[in-house]
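Throughout, numbering of the chain's residues begins at 1 and tracks the sequence. Only this structure's heavy atoms are used, side chains among them; waters, hydrogens and symmetry mates stay out.
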Amino acid sequence: DTMSPVLMSAVFQEPLQLTIRFDEPVAIKDASQLKVEAASETRSIDSLKVLNNCLFIWMKEPIQNETEITVKAYHISDCFGNINICDSVKFFHYIPGFNDLILTEIMADPFPSVSLPEAEYIEIYNRCKYPVYLAGWEIYIGNKSIAFGKDTIWPGEYMLLHDNQVPDAFGSIPEQMVMSGLQGISNDGQTIILKDNHNGIIFSIEYHSSWSQDNYKSDGGWSLEMVD
């Protein structure tokens with residue numbers, strides 16, 4: 001290996017904790033090799049920890065919401081001694097609020113199929129103007145909670161959630177997430193809640209089978225879609 005490590009991404013996981021990721025495991029001596037700028041001002045680093053290709057950084061003060069962040073890294077080496085003299089990444093720090101992400105479609109009763117896959121699924125949509133990192137988020141279906149994977153939903157993007165009950169059923173859909181346990185959605189209706197990584201409620205809905213309005217749709221194979 002003769003390639004130096006590359007800084008790939010950065011995101012705030014907690015109000016004071018920033019995670020930056022490289023494309024391979026890295027080594028760092030101290031915080032002097034890092035600079036975090038918010039609104040063009042350098043912010044103080046309290047401590048850091050290295051774990052494989054990730055650097056976990058704890059700031060001395062929280063960063064204001066809706067702020068552009070620049071992270072700069074200097075003389076970061078990999079396990080082969082290759083050194084990246086200077087690298088940087090920019091991102092927009094945003095804490096999602098209520099209804100920033102919403103549920104737009106629920107397939108609770110996929111049988112018999114009516115031009116849709118014979119699998120339960122839920123579709124979510126990012127209404128806000130910033131990307132949302134979903135690691136640590138959960139969706140509650142009745143009394144059951146299911147954790148999201150480490151993925152990002154971009155502004156104006158839809159994402160399909162399913163548990164891969166029917167392999168390749170959603171192969172043509174570009175944005176999807178396989179979530180183990182996302183099945184058993186009640187045909188008759190129940191409460192579904194979307195929570196962020198701080199246990200805050202982002203979206204909640206109590207749907208009912210009567211929403212289909214047409215008797216023939218109550219036999220199954222039709223999803224419920226949000227229309228406004």
Within the 4.5 Å heavy-atom criterion, are [X] and [Y] side-chain neighbours or not?
X      : Y      : result
Tyr121 : Ser223 : yes
Leu103 : Tyr207 : no
Leu16  : Pro62  : yes
Ile192 : Ile122 : yes
Leu161 : Gln176 : no

Q) Do you see a donor-acceptor pair shorter than 3.5 Å between the side chains of Ser186 and Asp188? A)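 No, because no side-chain N or O of Ser186 sits under 3.5 Å from a partner of the opposite role on Asp188.
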Q.
I'd like to know if the side chain of Tyr125 pairs up with that of Glu105 as donor and acceptor (distance under 3.5 Å, no hydrogens or angles considered).
A.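 No, because no side-chain N or O of Tyr125 sits under 3.5 Å from a partner of the opposite role on Glu105.
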Decide whether [X] and [Y] are clustered together by the hydrophobic rule: side chain heavy atoms of Ile, Leu, Val, Met, Phe, Trp, Tyr closer than 4.5 Å, transitively.
X      : Y      : answer
Met159 : Ile106 : yes
Ile45  : Leu7   : yes
Tyr133 : Tyr158 : no

Listing, residues 94-101 side-chain donor-acceptor contacts under 3.5 Å, not counting sequence neighbours, or none:
from: Tyr94; atom 1: OH; to: Asp100; atom 2: OD2; distance (Å): 2.5
from: Asp100; atom 1: OD2; to: Gly97; atom 2: N; distance (Å): 2.7

Considering non-hydrogen atoms only, spot the tightest contact between [X] and [Y] and give its length.
X      : Y      : value
Asn84  : Pro5   : ND2-O, 2.7 Å
Ile139 : Met179 : CG2-CE, 3.8 Å
Ala31  : Leu48  : CA-CD2, 3.5 Å
Ser204 : Ile193 : OG-CG1, 3.6 Å
Val50  : Val26  : CG1-O, 3.4 Å
Met107 : Ile185 : O-CD1, 3.9 Å

How long is the gap from [atom1] on [X] to [atom2] on [Y], to the nearest 0.5 Å?
X      : Y      : atom1 : atom2 : value
Glu157 : Glu175 : CD    : CD    : 4.0 Å
Ile141 : Thr191 : CD1   : OG1   : 11.5 Å
Ile69  : Leu18  : CD1   : CG    : 8.0 Å
Ile28  : Ile57  : CD1   : CD1   : 7.0 Å
Arg127 : Ile202 : CZ    : CD1   : 11.5 Å
Phe56  : Lys49  : CZ    : NZ    : 7.0 Å

Q. According to the side-chain hydrogen bond (donor to acceptor under 3.5 Å, both in side chains) rule, which pairs have a member within residues 51-79, sequence neighbours left out?
A.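 Pairs touching residues 51-79 that pass the test: Glu66-Tyr130, Asp78-Asn82.
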**Q.** Those residues that, when tested against Pro15, pass side chain to side chain contact (heavy atoms under 4.5 Å, CB included) (two or more places apart)
**A.**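 For Pro15 the side chain to side chain contact (heavy atoms under 4.5 Å, CB included) partners, ignoring immediate neighbours, are His198.
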Q) Residues in side chain to side chain contact (heavy atoms under 4.5 Å, CB included) with Met8, at least two apart? A)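 Listed in chain order: Val6, Asp23.
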(Q) One pair to check against side-chain contact (heavy atoms from CB on, under 4.5 Å): Ile124 and Phe203. What are the steps and the verdict? (A) CA-CA 10 Å; Ile124 61 174; Phe203 183 82; over 6 Å; no
Q: Apply the test side-chain contact (heavy atoms from CB on, under 4.5 Å) to residues Arg21 and Val11: give CA-CA distance (whole Å), side-chain angles for both, the deciding distance (0.1 Å), then the verdict.
A: CA-CA 9 Å; Arg21 289 180 173 81; Val11 65; 4.1 Å; yes
Q. Tell me, which pairs form a ring pair (Phe, Tyr, Trp, His ring centres under 6.0 Å) where one or both residues lie in residues 11-45, sequence neighbours left out?
A.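 Residue pairs with at least one partner in residues 11-45: Phe12-His93.
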Which atom pairs, donor and acceptor, lie under 3.5 Å between side-chain atoms of residues 143-154 and protein residues at least two apart or in another chain?
from: Lys144; atom 1: NZ; to: Gly181; atom 2: O; distance (Å): 2.9
from: Lys144; atom 1: NZ; to: Gln183; atom 2: O; distance (Å): 2.7

(Q) Assess the residue pair Leu34 and Ile20 against the criterion (side-chain contact (heavy atoms from CB on, under 4.5 Å)); give the C-alpha distance rounded to whole Å, side-chain angles, the decisive distance to 0.1 Å, and a yes or no. (A) CA-CA 11 Å; Leu34 299 168; Ile20 65 175; 4.0 Å; yes
